[in-house]
Visitor: 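Got a structure here, written out as structure tokens. Questions coming.
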Amino acid sequence: METMKAGLYISEKNVKVDTLEKPTLKHGEALIKVSSAGICGTDMMIYFGKHPRAKAPLAMGHEFSGIIEEVNGESAFHPGDRVVIEPTMSCGKCDACLSGNTHVCNTLGLIGIDSHGGFAEYVAVPLHRLHKIPDTLSDAHAALAEPVAVGIHTVRRSNVKVGDTVAVLGAGPIGLLIALTAKLAGADKILISDISPYRLSKAEELGFIALDGRKVNVVEEVRAATNGMGADVVFEVAGSNITADQMIHVCRTQGQIVVVSVYKQPPTIDLAAMHFRELSLTTTRCYSHSDFATAVSMMANGQIDVTPFISHHLSLDEIEKGFQLMTNPEESLKILIQPNA
Ligand SMILES: NC(=O)c1ccc[n+]([C@@H]2O[C@H](COP(=O)([O-])OP(=O)(O)OC[C@H]3O[C@@H](n4cnc5c(N)ncnc54)[C@H](O)[C@@H]3O)[C@@H](O)[C@H]2O)c1
Ligand SMILES: [Zn+2]
Ligand SMILES: [Zn+2]
């Protein structure tokens with residue numbers, strides 16, 4: 001049995017480097033030698049023992065890029081190709097899948113949650129989950145196509161139009177990427193709130209109006225910036241009870257709220273306040289295959305530059321440190337693990 005090195009989730013707050021069997025390929029799969037893999041909020045949920053599906057021992061990591069080492073089956077992909085992995089795995093049989101909406105499959109799974117992912121030297125990936133990385137895009141940046149695709153899908157599901165004022169609650173990687181995409185979609189003023197000075201400084205660096213939720217009244221600030229009306233579109237990306245309440249009050253009459261957060265506890269929201277002003281509420285999940293391809297293309301042509309998002313590059317041996325850094329929003333934004341560096 002050939003083995004490889006992997007960063008494994010063992011139990012609550014316990015991630016360590018160990019050996020795993022090197023994957024062997026089934027028909028229709030490629031063996032990927034992982035270049036870069038991002039640590040995401042979902043990996044943190046697994047790390048804290050709170051993910052409903054992830055089973056230890058697991059090589060997490062669903063945001064990753066690499067180089068094809070071997071292909072089993074007829075394909076347009078070949079050994080040596082640089083690729084990024086679209087990690088969603090759908091059943092192909094449920095109503096959502098049959099109507100072409102595989103990203104809301106009834107039993108949607110993700111590589112890195114339901115099977116071993118990118119925090120390992122090698123991963124076996126179905127060929128239909130691969131996207132080629134254009135020459136102008138590095139492997140490290142391409143690894144972030146997944147969160148970029150979340151931003152693209154979210155903004156595509158919103159009503160953001162040229163000249164709109166947008167409020168984003170939460171300046172984590174996803175909130176910031178949504179803000180960036182809303183700008184590309186034509187938004188004029190973009191206000192983004194957080195409670196972490198580091199993340200607020202990132203928001204400012206990217207050209208957004210940063211609101212410190214610990215120091216100012218976010219609802220009043222958004223209203224003041226919009227002649228008392230409120231934002232045309234509000235994205236809730238902080239996942240807290242406070243922001244789930246604020247989203248209603250920062251939204252203009254007949255405006256739209258888009259909930260992106262995955263709440264650890266169901267928040268209480270004031271539906272009466274929503275009805276009174278005819279607010280609409282939209283939710284969003286992952287991305288479609290076309291959103292993912294768009295993410296790769298917009299990163300390759302320079303419209304979306306993820307350089308400011310990457311706070312650390314770490315080796316696989318440093319994975320534990322990576323998870324510890326991720327527990328503090330003051331110290332990290334996007335951490336990339338490089339299993340073969
Ligand atoms: N819909 C989807 O498919 C999808 C995909 C990816 C992530 N998500 C969800 O999106 C959310 C954001 O993801 P992320 O990776 O950016 O997470 P993150 O934890 O890095 O970001 C959340 C941010 O919210 C901030 N925050 C906390 N309380 C706040 C408050 N009261 N006011 C303002 N800001 C506050 C935090 O400081 C942090 O910067 C998470 O809930 C995640 O689960 C959803
Ligand atoms: Zn993710
Ligand atoms: Zn399905």
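Being a predicted model, the structure only gives us computed values, none of them experimental. Basis for what follows: all heavy atoms, side chains included, without hydrogens, waters or symmetry-related copies. Ligands are counted one by one from 1 in listed order, and the atoms in each one are counted from 1 as well.
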Visitor: Ignoring angles and geometry beyond distance, decide whether Val260 reaches within less than 3.5 Å of ligand 1 through its nitrogen or oxygen atoms.
Guide: yes

Visitor: Look only at the side chain of Glu29 and the backbone of Leu31, and say whether a donor-acceptor pair between them is shorter than 3.5 Å.
Guide: no

Visitor: Spell out the protein N/O/S atoms under 2.8 Å from the Zn ion (ligand 3) as residue plus atom name.
Guide: Cys91 SG, Cys94 SG, Cys97 SG, Cys105 SG

Visitor: Contact between ligand 1 and Gly213 is defined here as a heavy atom of the residue under 4.0 Å from a ligand atom; is it met?
Guide: no

Visitor: For atom 1 (N) of ligand 1, find the nearest protein heavy atom and state the residue, atom name and distance (0.1 Å precision).
Guide: Thr284 O, 2.9 Å

Visitor: Has ligand 1 got any nitrogen or oxygen that is less than 3.5 angstrom from a nitrogen or oxygen of Val262?
Guide: yes

Visitor: Which bit of Ser240 gets closer than 4.0 Å to ligand 1, counting heavy atoms only: side chain, backbone, both or neither?
Guide: side chain

Visitor: Looking at Gln246, is its backbone amide N or carbonyl O close enough to the side chain of Thr243 to form a donor-acceptor pair, meaning the two atoms are under 3.5 Å apart?
Guide: no

Visitor: Counting only heavy atoms from other residues, nucleotides and ligands, does the tally under 6.0 Å from CZ of Phe48 exceed 12?
Guide: yes

Visitor: At a cut-off of 2.8 Å, list the protein N/O/S atoms near the Zn ion (ligand 2), residue plus atom name.
Guide: Cys40 SG, His62 NE2, Glu63 OE2

Visitor: Under the rule for ring pair (Phe, Tyr, Trp, His ring centres under 6.0 Å), what residues qualify as partners of His313, not counting sequence neighbours?
Guide: none

Visitor: Going by atom types alone, do Glu12 and Tyr47 pair a side-chain donor with an acceptor below 3.5 Å?
Guide: no

Visitor: Where does the angle between the aromatic ring planes of His131 and His289 fall among parallel (under 30°), tilted (30 to 60°) and perpendicular (over 60°)?
Guide: tilted

Visitor: If we ignore hydrogens and angles and just use 3.5 Å, is the side chain of Arg223 paired with the main-chain N or O of His249 as donor and acceptor?
Guide: yes

Visitor: Applying the side chain to side chain contact (heavy atoms under 4.5 Å, CB included) criterion to Ile67, which one of Ile133, Ile32, Asp139 satisfies it?
Guide: Asp139

Visitor: For Asp164, is there an ion pair with Lys189 - N to carboxylate O distance below 4.0 angstrom?
Guide: no

Visitor: Tell me: protein heavy atom nearest atom 14 (P) of ligand 1, and distance?
Guide: Ile174 CG1, 3.8 Å

Visitor: Heavy-atom distance from atom 17 (O) of ligand 1 to the protein below 4.0 Å?
Guide: no

Visitor: Is it true that Arg129 and Glu86 have a side-chain N and a carboxylate O under 4.0 angstrom from each other?
Guide: yes

Visitor: Tell me which protein heavy atom sits closest to atom 27 (C) of ligand 1, plus the residue, atom name and distance to 0.1 Å.
Guide: Ile195 CD1, 3.9 Å

Visitor: Heavy atoms only: which of Ser193, Gly41, Gly172, Ala238 is nearest to atom 26 (N) of ligand 1?
Guide: Ala238

Visitor: Of the non-hydrogen atoms in Ile174 and Pro147, which two are nearest, and what is the gap between them?
Guide: CD1-CB, 3.9 Å

Visitor: Without hydrogens or angle criteria, can the side chains of Tyr122 and Glu2 be said to hold a donor-acceptor pair below 3.5 Å?
Guide: no

Visitor: Does NZ or CZ of Lys334 fall inside the cone over Phe309's six-membered ring, less than 6.0 Å from its centre and within 45° of the axis?
Guide: no

Visitor: Using distance alone, with no hydrogens and no angle criterion, decide if Ser280 and Gln256 have a side-chain donor and acceptor under 3.5 Å apart.
Guide: no

Visitor: Can a non-hydrogen atom of Pro173 be found less than 4.0 Å from any atom of ligand 1?
Guide: yes

Visitor: Is the shortest heavy-atom distance from the side chain of Pro308 to the side chain of Lys202 under 4.5 Å?
Guide: yes

Visitor: If you measure from each heavy atom of Leu169 to ligand 1, is any distance below 4.0 Å?
Guide: no

Visitor: Using a 3.5 Å cut-off on N or O atoms only, is Arg199 in polar contact with ligand 1?
Guide: yes

Visitor: Could you see which bit of Thr243 sits under 4.0 Å from ligand 1, with heavy atoms only: side chain, backbone, both or neither?
Guide: side chain

Visitor: Look only at interatomic distance and state if Ser196 has a nitrogen or oxygen under 3.5 Å from any nitrogen or oxygen of ligand 1.
Guide: no

Visitor: Among all protein heavy atoms, pick the one closest to atom 3 (O) of ligand 1 and tell me residue, atom and distance.
Guide: Cys286 N, 2.7 Å

Visitor: Which of the listed options, Val150, Asp194, Val237, Ile178, holds the heavy atom that is closest to atom 11 (C) of ligand 1?
Guide: Val237

Visitor: Using the side chain to side chain donor-acceptor pair (under 3.5 Å) criterion, which residues pair with Asn301? Sequence neighbours excluded.
Guide: Gln303

Visitor: For a quick check under 3.5 Å, do Thr294 and Asp291 share a side-chain donor-acceptor pair by atom type?
Guide: no

